[in-house]
Amino acid sequence: MLNQLIKQAAADVASPSRRGFLKGAGGALVLGAMLPRTGFASEAAAPKVVGPADPRPQAFIRIAADDTVTVLVKHLDKGQGIMTGLTTIVAEELDADWAQMRGAFAPADGALYANHFFGIQGTGGSTAVANSWDELRMAGAAARAMLIATAAARWSVPASAITVEKGVVRHAASNRSARFGELAEDAAKLPVPQNVALKDAKDYTLIGNPSLHRLDHVSKTDGTAIFAMDIRRPGQVTAVMARSPRFGGTVKSVDAAAAKRVPGVLEVLTLPMGVAVVARNTWAAMKGREALTVEWDDAKAEMRGTEEMLADYRKLADQPGNVATDTGDAAKALAGAAKVVEAEFVFPYLAHAPMEPLNATVELTPDGGCTIWAGSQFQGVEQKVAAGILGCKPEQVVINTVWAGGSFGRRATPDADYIAEAVTIAKAYGGKAPVHLVWTREDDIRGGRYRPLFLHKVKAGLDASGTLVAWRQSIVGQSFMIGTLFEGFMVKNGVDATAVEGASDMAYAVPNLHVDLHSPPSPVTTLWWRSVGHTHTAYAKEVMIDELAAAAGKDPVAFRLEMLKGHPRLQGVLKLAAEKAGWGQPLPKGKGRGIAVHESFSSFVAHVAEVSVDEQGRVTIDRVVCAVDCGQVVNPNIVEAQVSGGTGWAIGHALRDEITLTGGLVDQSNFDGYQPLRNSEMPPIEVHILPSTARPTGVGEPGVPTAAPAVANAVFAATGKRLHHLPFTRSGMV
């Protein structure tokens, strides 16, 4: 999603303009630093240090009298492990004992906790560790220095004579020691040191340590972790929404008489986005919704089916589009090529379908604002949207971020859609009780926001020696950036960067490259989906490259390596994955091995898949080998989990998943018709991490793009059949 955003990251983050003290747990003091909103600079101005230039220990660290150290995490943890990862960064520089570390979600405060890549508080684009790496290391190192200075003053000894290890500050010569909790209150009164020494990677004991347990593993095992769905406020009521069955439809008329007779239903509210049923509990709200009679106005609704939309897309693909990149003369090079390979790729709408459906609780407050409990992913957007609905200031909107049961991009919307719904309902209900808005699974799959439907037409040419000399690609698909606050810097000359990322900037050396884009509008609501544009561009690229290797009579790995001479990190993961998978070793009939490699979110990943295909076209994925280079690894177990999870996510959707429309109505409704990969279907996956001391980059999404094309290329190796139309069931594979 945000490679370009990261490249445009702010170079002008100013120092905190003021400081103030906040009371913390156990008598400890916490210092808050007010940080101006980040601006966006040119690609050339990308900063070496991402974030504020000075340490802000007491914006992120709370040390209590009982020696517990709580790190305030400004990003949403929706299962990806950043609560553990970001806490580890602080613990390393602090020289804390892992047993004393805790994590908590930071309050919604863009001045304190902005994502320096976005300019607002929010989580996405696999930016959490990359965004917080410098500021949390500096915070931990500064806090350590302040604890040492406090001990040195108490004991009248030089600070240089004091050591810190596992949460104990010690002066060996006098045999004196103190734990963090004994020093914290006085330490917080000291000036924050502005020049702190950070550890060398060779001295890390916690960063990169595979033995650290996740901070959330106990609470998520025993059920004590609080998710948005668990929130219960005094007198809380539940609301569900009846939304148009067609995207773009609006309410024409409502007969709520039968709904109001359902036991437990309290009120029926007609709102701009649909009809809300407010009830004493979720079941009553759902039954009340079933009893509604709503007439919908489809004048501006999407009335086409999927095949009709694709027919329109094909017409567009044959016309010149907005140019994303144009190097050399692709048309001329194709005309003179010795061999030309053409392919059309189709990628369906896909739902996010997180295990915890969208939900939020809103409680209006006497000052005209509100308090929100949610798995909040874009706090900076949600505060402003809620304030606009209520007519209050953003600071009057308090957001309590809690654990989220998955997102895959769905909880991060440019218009705060489900949060806006919840606040609108609470306002319309008159503040009589806290309102818990619940989306059902059917709400999400039939009327949520999807990975857009995309069509690619690719034409590539080889010279007589089998060298790739030309590549022309036309991409057609909706833009979810146009019309949002991101349009100004993500859409240039009509090109949505998220639609062409991974294609217009592909690493392969192609002297003549042309990529263009059409972004046809539709009322169907779309959004970024785990790994965003790379979900389709990497697939088209890597399957096409495999076809070109076959046409050139070259080994797929050797063919790729030859074109990646200027990209050593891509070569590194490609070689490692091939080596670990036993590339080149013979396989029996009916089996195949395929490979794919790609950069996304500044990380580098290669997949090798081994598959078996029987005579009925049934595909069994026997083994998957992954290699990843994501810079300095904070927690190798989390990296492995994220890459494995991304692999399963990609494969499951590629095998069978799609959202289709008939007459504008969504055909799927729940996990019976839309089936992400089950645990029982997960293939054996090996993840190999390249050691690196480079800055950490993203890992939540980069495991997705290369998994499906590796499987598709393996199917080709086994059967000679190319899979251009996803899911694979569209090509007769089951």
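Here the structure is a predicted model, which means the values were calculated and not measured. Computed from heavy atoms alone, side chains included, the values below leave out hydrogens, waters and symmetry copies. Counting begins at 1 with the first residue of the sequence.
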Going from CE on Met309 to CG on Leu455, what distance comes out if it is rounded to the nearest 0.5 angstrom? 12.0 Å
Does NZ or CZ of Arg410 lie under 6.0 Å from the centre of the six-membered ring of Trp439, at an angle within 45° of the ring axis? yes
How many angstroms lie between CG in Leu570 and CE in Met563, if you round to the nearest 0.5 Å? 11.5 Å
Between Ile475 and Val515, is a side-chain contact (heavy atoms from CB on, under 4.5 Å) present by the stated rule, with each step listed? CA-CA 8 Å; Ile475 302 174; Val515 178; 4.0 Å; yes
Acceptor/donor pairs from residues 345-353 side chains to any protein atom, 3.5 angstrom cut, sequence neighbours excluded:
unit_1	atom_1	unit_2	atom_2	d
Tyr349	OH	Gln478	OE1	2.5
His352	ND1	Arg449	O	2.9
His352	NE2	Trp528	O	2.7

Is there a salt bridge (Lys or Arg N to Asp or Glu O under 4.0 Å) between Asp546 and Arg560? Walk through the geometry before answering. CA-CA 9 Å; Asp546 233 53; Arg560 287 173 168 85; 3.0 Å; yes
Please evaluate residues Val495 and Val500 with respect to the criterion side-chain contact (heavy atoms from CB on, under 4.5 Å), reporting the C-alpha separation (whole Å), side-chain torsions for both, the decisive distance (0.1 Å), and the verdict. CA-CA 8 Å; Val495 176; Val500 299; 3.8 Å; yes
Less than 4.0 angstrom from a charged side-chain N to a carboxylate O is my criterion; do Lys339 and Asp463 meet it? no
Could you report the tightest heavy-atom contact between Phe604 and Val573, atom names first, then the distance? O-CG1, 3.4 Å
For Ala538 versus Pro709, what's the shortest heavy-atom pair and its separation? O-CG, 4.3 Å
Donor + acceptor pair across side chains of Asn713, Arg722 (<3.5 Å): yes
Do Pro727 and Leu655 have side chains that get closer than 4.5 Å, going by heavy atoms? no
For Asn512 against Ala333, the heavy-atom pair lying closest together: ND2-CB, 3.5 Å
Using the rule given for side-chain contact (heavy atoms from CB on, under 4.5 Å), can you reason through His518 versus Asn322, listing the C-alpha separation, both sets of side-chain angles and the distance that settles it, and then say yes or no? CA-CA 6 Å; His518 292 275; Asn322 293 311; over 6 Å; no
Going through the checks in order, is the salt bridge (Lys or Arg N to Asp or Glu O under 4.0 Å) test met by Lys457 and Glu342? CA-CA 8 Å; Lys457 285 194 173 182; Glu342 297 184 61; over 6 Å; no
Looking only at non-hydrogen atoms, find the nearest pair between Arg441 and Pro354 and report the distance. NH1-O, 2.6 Å
State, with a plain yes or no, whether a side-chain heavy atom of Val251 is found less than 4.5 Å away from one of Trp296. yes
Can you give me the closest heavy-atom contact between Glu542 and Ile595, atom names plus distance? OE1-O, 4.4 Å
Taking atom types as modelled and ignoring hydrogens, do the side chains of Thr127 and Asn115 form a donor-acceptor contact shorter than 3.5 angstrom? yes
Determine, using ring centers only, whether Phe408 and Trp649 are less than 6.0 Å apart. yes
Which atom of Leu334 lies closest to which atom of Gly461, heavy atoms considered: CD2-N, 3.5 Å
Can you confirm whether Asn493 is buried at CG, in the sense that more than 12 heavy atoms of other residues, nucleotides or ligands lie under 6.0 Å from that atom? no
Ring center gap for His534 and Phe601 short of 6.0 angstrom: yes
Report yes if the side chains of Val666 and Gln668 come closer than 4.5 Å at any heavy-atom pair, otherwise no. yes
Applying salt bridge (charged side-chain N to carboxylate O under 4.0 Å, His left out) to Glu307 and not counting sequence neighbours gives Arg730
Is the closest side-chain heavy-atom distance between Arg246 and Glu302 below 4.5 Å? no
May I have the step-by-step check of side-chain contact (heavy atoms from CB on, under 4.5 Å) for Lys459 and Trp471, ending in yes or no? CA-CA 6 Å; Lys459 188 174 183 180; Trp471 183 288; over 6 Å; no
Is the shortest side-chain heavy-atom distance between Thr535 and Arg451 below 4.5 Å? yes
Determine the interplanar angle of the Trp529 and His653 rings, folded into 0 to 90°, and report it as parallel if under 30°, tilted if 30 to 60°, perpendicular if over 60°. perpendicular
